[in-house]
Amino acid sequence: MNADEGKSPLFAGAPRAPVTFDTHYTMPDRLSDPSLSPIGGVRIGVFDSGVGGLSVLRALRERMPEAELLYVADSGYAPYGEKTDAFVVERSLAIARFLLEQGADLLVVACNTATAAAVHALREAHPSLPIVGIEPGLKPAVALSARGRVGVMATTGTLRSARFRQLVERHGGQAQVHLQPCPGLAAAIETGDLDTPALRELVETFCAPLRAAEVDTVVLGCTHYPFVAPLIAQAMGPAVTLVDTSEAVARQTVRLATARLAGRTPSPHTSPLAGGMRLWSSGDPDRLSSTVHRWLGLEAQASRLP
Ligand code: DGL
């Protein structure tokens, strides 16, 4: 088998190579942004229900190569999208505590579902911790849509949340917004196999109603979905733009990390962190290591989340 088989086209190749993607996939101003300057000495805790947050981790790695990244994949408890809010809040608080014990200076909730259910509880529990959440990119999608027809693919948990309803009220404007819950899609991506007939069929099932609604812009409202963006792009057709918010999350993280570092007196005894990465999984750590290797081209041995 060719070594490249099974890799997502999004993440194939060297880890810091510019993303090559279908031209109708939106990855805004990646290389022209001055905030790409390296930030050392900061430790960023990132978590998701599983491997979806690796799409955010990759954007963070590109923008902040000298930051130390700590990543928790809660794969033993995934998918979050079909669980109760109380369950997602409880998991998010437990993982945040763990990441703080590991010395995280800043927390990135690399999961739309966990942001919708738990970011408020996280901020209440840790009022002095900078926290970056992720939410579906409805605002840029409405701005991009020429026909004012936008589709949002996300988990059931995200779409039913009060936070998402407020997002639509604030940024939906005059656009027709078509909501497409995608139960089972994150779980299928979690297996790591990104181009199976079953996965294609699942993507087709969720894209068909959006095609019928004649949307011209589709929001990838779950961090797992960028890994199947090529399948979604194929199912939607070349005239449809896909919007992903992982870049925006990385930019906001750079801003908060810069502010955090500005308030800190550098100690002559501590050397700057050297851009390391540590990984934990509540599922199978070896599977996480191999997914990080295949999708991001990075080598790191994951540990079992205690
Ligand atoms: N990756 C997550 C998100 O962004 C959730 C997937 C899931 O666990 O259901 O919503």
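Residue indices begin at 1 and follow the sequence shown. All ligand and atom numbering here is 1-based and tracks the order in the structure.
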Visitor: Atoms of ligand 1 less than 4.0 Å from C222 heavy atoms?
Guide: 1 (N), 2 (C), 3 (C), 4 (O), 5 (C), 6 (C), 10 (O)
Visitor: Below 3.5 angstrom, do we get any N/O pair linking E82 and ligand 1?
Guide: no
Visitor: Which bit of T155 is near ligand 1, meaning a heavy atom under 4.0 Å away: side chain, backbone, both or neither?
Guide: side chain
Visitor: Report the C-alpha distance between E82 and T155 in whole Å, list the side-chain angles of each, state the deciding distance to 0.1 Å, and finish with yes or no for side-chain hydrogen bond (donor to acceptor under 3.5 Å, both in side chains).
Guide: CA-CA 7 Å; E82 290 137 56; T155 67; over 6 Å; no
Visitor: Is the closest side-chain heavy-atom distance between Y225 and C182 below 4.5 Å?
Guide: yes
Visitor: Please determine if A78 has a nitrogen or oxygen closer than 3.5 Å to a nitrogen or oxygen of ligand 1.
Guide: no
Visitor: Test your reading of the structure: does T158 have an N or O sitting under 3.5 Å from an N or O of ligand 1?
Guide: no
Visitor: I'd like to know if E204 and R211 make a salt bridge, using a cut-off of under 4.0 Å between side-chain N and carboxylate O.
Guide: yes
Visitor: Counting neighbours of OH on Y77 that are heavy atoms of other residues, nucleotides or ligands and sit closer than 6.0 Å, is the number greater than 12?
Guide: no
Visitor: Under the side-chain contact (heavy atoms from CB on, under 4.5 Å) rule, what do V42 and M64 come out as? Steps first, then yes or no, please.
Guide: CA-CA 9 Å; V42 71; M64 311 172 74; 4.2 Å; yes
Visitor: Backbone N or O of A141 within a donor-acceptor pair of the S145 side chain at under 3.5 Å?
Guide: no
Visitor: To which protein heavy atom is atom 2 (C) of ligand 1 closest, and what is the distance rounded to 0.1 Å?
Guide: C111 SG, 3.2 Å
Visitor: Record the part of S49 in heavy-atom contact with ligand 1 below 4.0 Å; permitted values are side chain, backbone, both and neither.
Guide: side chain
Visitor: Provide the number and element of each atom of ligand 1 under 4.0 Å from a heavy atom of A186.
Guide: 6 (C), 7 (C), 9 (O)
Visitor: Assess G52 for proximity to ligand 1: is some non-hydrogen atom of it under 4.0 Å away?
Guide: no
Visitor: With a 3.5 Å distance limit and no angle check, can you tell me whether R304 reaches the backbone of G283 through a side-chain donor-acceptor pair?
Guide: yes
Visitor: Within ligand 1, which atoms have a heavy atom of D48 less than 4.0 Å away?
Guide: 1 (N), 2 (C)
Visitor: Does I134 approach ligand 1 within less than 4.0 angstrom via side chain, backbone, both or neither, non-hydrogen atoms only?
Guide: neither
Visitor: I want to check a possible cation-pi pair here: K83 against Y80, using under 6.0 Å from ring centre and within 45° of the ring axis as the test.
Guide: no
Visitor: Need the ligand 1 atom indices (1-based, order shown) with element for anything under 4.0 Å from a heavy-atom of Y80.
Guide: 7 (C), 8 (O), 9 (O)
Visitor: I'd like to know if the side chain of T245 reaches the main chain of A248, judged simply by a donor and an acceptor atom lying under 3.5 Å from each other, with no hydrogens or angles considered.
Guide: no
Visitor: Atom 10 (O) of ligand 1: which protein heavy atom is closest, and how many Å away?
Guide: T113 OG1, 2.6 Å
Visitor: Write out the residue and atom name of the closest protein heavy atom to atom 9 (O) of ligand 1, then the distance separating them to 0.1 Å.
Guide: G81 N, 2.8 Å
Visitor: Before accepting this row, confirm whether a basic side-chain N of the pair R43/D105 lies closer than 4.0 Å to the acidic partner's carboxylate O.
Guide: no
Visitor: Using a strict cut-off of 4.0 Å, indicate which atoms of ligand 1 neighbour a heavy atom of T223.
Guide: 1 (N), 2 (C), 3 (C), 4 (O)
